[in-house]
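Heads up, the thing below is written out as structure tokens.
The shown structure was predicted, so the numbers you read here are calculated from the model rather than taken from an experiment.
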Amino acid sequence: INISILLWHWPFGRSYRLHGDKCLQMYNISRCLLSDNTSAFSSADVVVFHHQELSNGLSPLPLHLDRPASQHWVWMSMEPPVNNVNLTQLNGLFNWTMSYRRDADISIPYGETIQGSDELSLQLPALNRSCLVSWVVSRYQSHQARAGVYQSLKKYIPIEVYGRWSRKPLLDKKLLPTIAKCLFYLSFENSEAKDYISEKLWRNAFQAGAIPVVLGPSRATYEALAPPGSFIHVDDFKSTAHLAAYLKRVAADRQAYEQYFQWHRTHRIKTYTDWRERLCQICVEYPSLPASRIYHDLESWVNS
């Protein structure tokens, strides 16, 4: 039996082509049909709503339409709780949650660690890079924890800052090559929330081949999700002065630096950037999803 999934609106207005059997063609997931044609509402098994467009009123819920009794609604967000506002109006409407969180009904992380070495990335990085630490930041807000750590850390070591907030914006194609010139990358999340580890780790640091210095959830969460021995956690240091001293010490010691890349021998990473792949995951999980679940208090789940 085919499962038909209707995406009610594209996240952030960025759309992809859905013609043909995309889940089968691109990800070898069969019997999974994706559509963004809202006129197919009455025949869809699953309807997915991205929270951003619901909360800002860009795309209201189709409460005026007759919803089939067997149809399941999915609430989707890749944002931390602080960015998910106006949730109370959604109580009693959604059956499943879809987010980066491990306890979501459909868990769609920004990236994941996979057993098995990656032959392509086994070569160890050069130590003679032109930059010690870089940070790419678009929405800098002084009240965020990461802003305080950055302001303190830059007193002890030079930090190359890029992105919309700095005076050095980066085109997407320049992002990884720029970070790759640096030994370390500040993978600082804008919010410290359960399981929230974004592309700042998976793409910016790991794909560029810089050691991530992380600020976000607990060390235990990073250890559960990231490759073993692959990161430096801010919380492990008594002060930013101690962190800065450690980074300088590792930068000066080839053996210590290369330790952070040993995981390539046993693990590799996969990053998720295409919304189509995330939507196809619904079909993978579909047989085991709770058929009669209703989120009567969505806000309490989001903030739990």
Verdict with supporting geometry, Tyr100 and Tyr196, ring pair (Phe, Tyr, Trp, His ring centres under 6.0 Å)
CA-CA 7 Å; Tyr100 57 83; Tyr196 184 59; 5.0 Å; yes
Would Val234 and Val214 count as a side-chain contact (heavy atoms from CB on, under 4.5 Å) if you check the C-alpha gap in whole Å, the side-chain angles of each, and the deciding distance to 0.1 Å? CA-CA 6 Å; Val234 168; Val214 303; over 6 Å; no
I'd like to know whether Leu7 forms a side-chain contact (heavy atoms from CB on, under 4.5 Å) with Met76, so could you lay out the CA-CA distance, the side-chain angles of the two residues, the decisive distance to 0.1 Å, and finally the verdict. CA-CA 10 Å; Leu7 180 63; Met76 176 171 68; 4.2 Å; yes
- Query: Would Gln115 and Thr266 count as a side chain to side chain donor-acceptor pair (under 3.5 Å) if you check the C-alpha gap in whole Å, the side-chain angles of each, and the deciding distance to 0.1 Å?
  - Reply: CA-CA 6 Å; Gln115 291 276 354; Thr266 52; over 6 Å; no
Please lay out, stage by stage, how Ile159 and Leu153 fare under the test side-chain contact (heavy atoms from CB on, under 4.5 Å). CA-CA 8 Å; Ile159 301 172; Leu153 189 60; 4.0 Å; yes
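Ring pair Tyr272/Tyr110: centre-to-centre distance not below 6.0 Å. Aromatic ring centroids of Tyr150 and Phe188 lie 6.0 Å or more apart. Aromatic ring centres of Phe231 and Tyr222: separated by under 6.0 Å.
Under the 4.5 Å side-chain heavy-atom criterion for grouping Ile, Leu, Val, Met, Phe, Trp and Tyr, Leu34 is connected to Tyr16 within one hydrophobic cluster. Under the 4.5 Å side-chain contact rule for hydrophobic residues, Leu61 and Ile5 do not share a cluster.
We find that Lys181 and Glu160 are not joined by a salt bridge, their nearest charged nitrogen and carboxylate oxygen being 4.0 Å or further apart. Here Asp195 pairs with Arg102 in a salt bridge; the nearest charged N to carboxylate O distance falls below 4.0 Å. Contact check on Arg219 versus Asp236 returns a salt bridge, with a Lys/Arg side-chain nitrogen under 4.0 Å from an Asp/Glu carboxylate oxygen.
With contacts defined as side-chain heavy-atom distances shorter than 4.5 Å, the pair Leu243/Ile232 qualifies. Residues Asn86 and Asn56 form no side-chain contact, since every pair of their non-hydrogen atoms from C-beta on lies 4.5 Å or further apart. Within the 4.5 Å cutoff, side-chain heavy atoms of Ile197 are placed close to those of Glu189. In this structure, the side chains of Val48 and Trp73 stay at 4.5 Å or more apart for every pair of heavy atoms. With a 4.5 Å cut-off on side-chain heavy atoms, Leu247 and Val213 count as touching. Inter-residue side-chain proximity for Arg203 and Leu175 is flagged as met; some heavy-atom pair is nearer than 4.5 Å. Annotation: side chain of Ser304 is in contact with side chain of Lys194 (closest heavy-atom distance under 4.5 Å). Inter-residue side-chain proximity for Ile106 and Thr97 is flagged as unmet; no heavy-atom pair is nearer than 4.5 Å.
The heavy-atom pair separating Lys174 from Thr178 by the smallest distance is O-OG1, 2.6 Å. Residues Tyr140 and Gln151 approach most closely at OH-NE2, 2.9 Å, considering heavy atoms. Contact detail for Leu93 and Arg67: the closest heavy-atom pair is O-NH1, 2.9 Å. In terms of heavy-atom proximity, Asn84 sits nearest to Glu79 at ND2-O, 3.2 Å. When all heavy atoms of Ser187 and Leu201 are compared, the closest pair comes out as OG-CA, 3.7 Å. The nearest pair of heavy atoms linking Ala210 to Phe184 is CB-C, 4.1 Å.
A donor atom on one side chain and an acceptor atom on the other are found under 3.5 Å apart for Gln207 and Thr271. Between the side chains of Gln259 and Gln262, not a single donor N or O lies within less than 3.5 Å of an accepting N or O. Residues Ser39 and Asn37 have side chains that bring a donor and an acceptor to within less than 3.5 angstrom of each other. Using a 3.5 Å distance cut-off with no hydrogens or angles, the side chains of Arg31 and Ser4 do not pair a donor with an acceptor. For the 3.5 Å distance criterion, the side chains of Trp275 and Glu277 fail to qualify, holding no donor opposite an acceptor. Side-chain contact, His9 with Ser59: a donor N or O sits under 3.5 Å from an acceptor N or O.
One distance of note links OG of Ser70 with NE2 of His72; it measures 7.5 Å at 0.5 Å rounding. How far CG of Leu6 is from OG of Ser35: 5.5 Å, rounded to the nearest 0.5 Å. Atom NE2 of His51 is separated from atom CE of Met98 by 15.5 Å, given to the nearest 0.5 angstrom. A distance of 6.0 Å separates OG in Ser239 from OH in Tyr156, rounded to the nearest 0.5 Å. In this structure, the separation between CD on Gln89 and CG on Leu54 is 7.5 Å, given to the nearest 0.5 Å. Atoms CG and CD1, from Leu170 and Ile179 in turn, are 7.5 Å apart once rounded to the nearest 0.5 Å.
The SG atoms of Cys32 and Cys280 do not lie less than 2.5 Å from each other. Between Cys23 and Cys283, the gamma sulfurs sit at a distance of 2.5 angstrom or greater.
Heavy-atom contacts from other residues, nucleotides or ligands closer than 6.0 Å to CG of Asp66 number 12 or fewer.
No donor-acceptor pair under 3.5 Å is formed between the side chain of Glu199 and the backbone N or O of Asn204. Checked by atom type and distance alone, the side chain of Ser191 never pairs as donor or acceptor with a backbone atom of Ala193 at under 3.5 Å. For the pair Glu53 (side chain) and Pro11 (backbone), a donor-acceptor distance under 3.5 Å is absent. Without hydrogens or angle criteria, Arg265 side chain to Ser117 main chain gives no donor-acceptor distance under 3.5 Å. Looking at Tyr27, its side chain never comes within 3.5 Å of a backbone N or O of Lys22 through a donor-acceptor pair. In this structure, Ser152 contributes its side chain and Val149 its backbone to no donor-acceptor pair below 3.5 Å. Distance alone, capped at 3.5 Å, is enough to place a donor-acceptor pair between the Arg129 side chain and the Cys182 backbone.
Seen from the ring of Trp301, Arg101 counts as a face-on cation partner, given the 6.0 Å and 45° thresholds.
Checked options Trp8, Phe12, Trp75, Trp10; the residue passing with His50 is Phe12 (criterion: ring pair (Phe, Tyr, Trp, His ring centres under 6.0 Å)). The only member of Arg276, Lys270, Arg278 that meets salt bridge (charged side-chain N to carboxylate O under 4.0 Å, His left out) when paired with Asp274 is Arg276.
Using a 30° and 60° split on the angle between ring planes, Phe206 and Trp202 fall in the perpendicular class, above 60°.
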